[in-house]
Amino acid sequence: MHYKKNFGFSLVEVLFILTIFSIIASISIPYFSNFFARQETKKTLQILNSFLKSAKNEAVVRHTNIVICSSTNGNQCESNQWGNYLLLFVDLNANRKIDANDLILYSEQLNLKYGQLTWKGALNSPSIVFNKELGLPIGYNGSFYYCNTTTLTSHKVILSKMGHIRSETTPFC
């Protein structure tokens with residue numbers, strides 16, 4: 001008699017492997033969440049620095065007002081929507097709104113999942129204007145606050161009167 005050798009797994013072996021995978025998954029999933037939250041924090045801070053430096057440079061090069069504002073749709077400025085879109089545009093008539101003649105230079109969709117981004121400026125303005133004469137945010141100095149809800153770390157990006165940018169960790173939002 002010839003016996004066929006069975007090359008499958010027994011029920012006990014399958015259950016053992018599934019148990020090991022579930023243990024590994026339950027340990028690693030929180031680490032993945034923290035990893036993605038840290039990556040979102042880094043990316044958001046890099047984008048903010050890039051937008052602020054670009055606005056200053058564009059105002060000097062173009063000799064026109066450059067505005068950074070928030071938006072929900074990426075086409076029009078809206079107050080306190082910093083976690084959705086950031087817009088940087090040429091404001092020809094100095095009304096801090098995107099009109100038909102204004103040119104959007106940069107648009108970045110953030111879609112923050114692990115934190116919130118807010119702006120607190122000197123004039124309580126919902127946007128930041130870089131002046132056409134000097135390229136400085138005259139009267140628009142303030143801070144962006146990124147509050148990470150997962151890792152409970154908060155960051156502040158400070159914009160000075162001279163247009164200098166610095167970042168620091170803050171214990172509160």
Of the non-hydrogen atoms in [X] and [Y], which two are nearest, and what is the gap between them?
X: S160; Y: N141; value: C-CB, 3.7 Å
X: Y85; Y: G74; value: CD1-N, 3.5 Å
X: V90; Y: R62; value: CG2-CD, 4.0 Å
X: I128; Y: P137; value: CG2-CB, 4.4 Å
X: H63; Y: V60; value: CE1-O, 3.4 Å
X: S127; Y: V67; value: CB-CG1, 3.8 Å

Reported [atom1]-to-[atom2] distance for the pair [X] and [Y], which is rounded to 0.5 angstrom:
X: C77; Y: D102; atom1: SG; atom2: CG; answer: 9.0 Å
X: F21; Y: S26; atom1: CZ; atom2: OG; answer: 13.0 Å
X: E58; Y: F89; atom1: CD; atom2: CZ; answer: 13.5 Å
X: I98; Y: N75; atom1: CD1; atom2: CG; answer: 7.5 Å
X: T169; Y: K156; atom1: OG1; atom2: NZ; answer: 11.0 Å
X: L103; Y: T64; atom1: CG; atom2: OG1; answer: 10.0 Å

In this structure, would [X] and [Y] fall into the same cluster of hydrophobic residues linked by side-chain contacts under 4.5 Å?
X: V129; Y: L48; value: yes
X: I104; Y: L52; value: yes
X: L105; Y: L92; value: yes
X: L123; Y: F130; value: yes
X: I20; Y: I27; value: no

Looking only at side-chain N and O atoms, does [Y] offer a donor or acceptor that is under 3.5 Å from a partner on [X]?
X: Y146; Y: E40; answer: yes
X: N65; Y: N131; answer: no
X: T41; Y: N148; answer: yes
X: Q81; Y: S71; answer: no

Please check this pair: side chain of [X] against backbone of [Y], looking for a donor-acceptor N/O pair closer than 3.5 Å.
X: D99; Y: N101; result: no
X: E108; Y: L86; result: no
X: N73; Y: Q76; result: yes
X: S50; Y: Q46; result: no
X: E13; Y: S10; result: yes
X: D91; Y: N95; result: yes

Next on the checklist: Is any side-chain heavy atom of Y106 closer than 4.5 Å to one of S54?
Outcome noted: yes
Checklist entry - Does any non-hydrogen side-chain atom of L136 lie less than 4.5 Å from one of K56? => result yes
Item to check | Charged tip of K113 within 45° of F36 ring normal and under 6.0 Å | outcome: no
Next on the checklist: Show, in sequence, the C-alpha distance, side-chain angles and deciding distance for I66 and L88, and conclude whether the side chain to side chain contact (heavy atoms under 4.5 Å, CB included) test is met.
Outcome noted: CA-CA 7 Å; I66 302 294; L88 188 139; 3.7 Å; yes
Checklist outcome for this item: Those residues at least two apart in sequence (or on a different chain) that pass side chain to side chain donor-acceptor pair (under 3.5 Å) with S143 are none
Next on the checklist: Any carboxylate oxygen within less than 4.0 angstrom of a Lys/Arg side-chain nitrogen, looking at R166 and E168?
Outcome noted: yes
Item to check | Residue pair L45, H155: steps toward the side chain to side chain contact (heavy atoms under 4.5 Å, CB included) verdict | outcome: CA-CA 8 Å; L45 296 176; H155 294 272; 3.8 Å; yes
Checklist outcome for this item: Hits for ring-ring contact (aromatic ring centres under 6.0 Å, His included) against F144, two or more places apart or cross-chain, chain-then-number order -> W82, W119
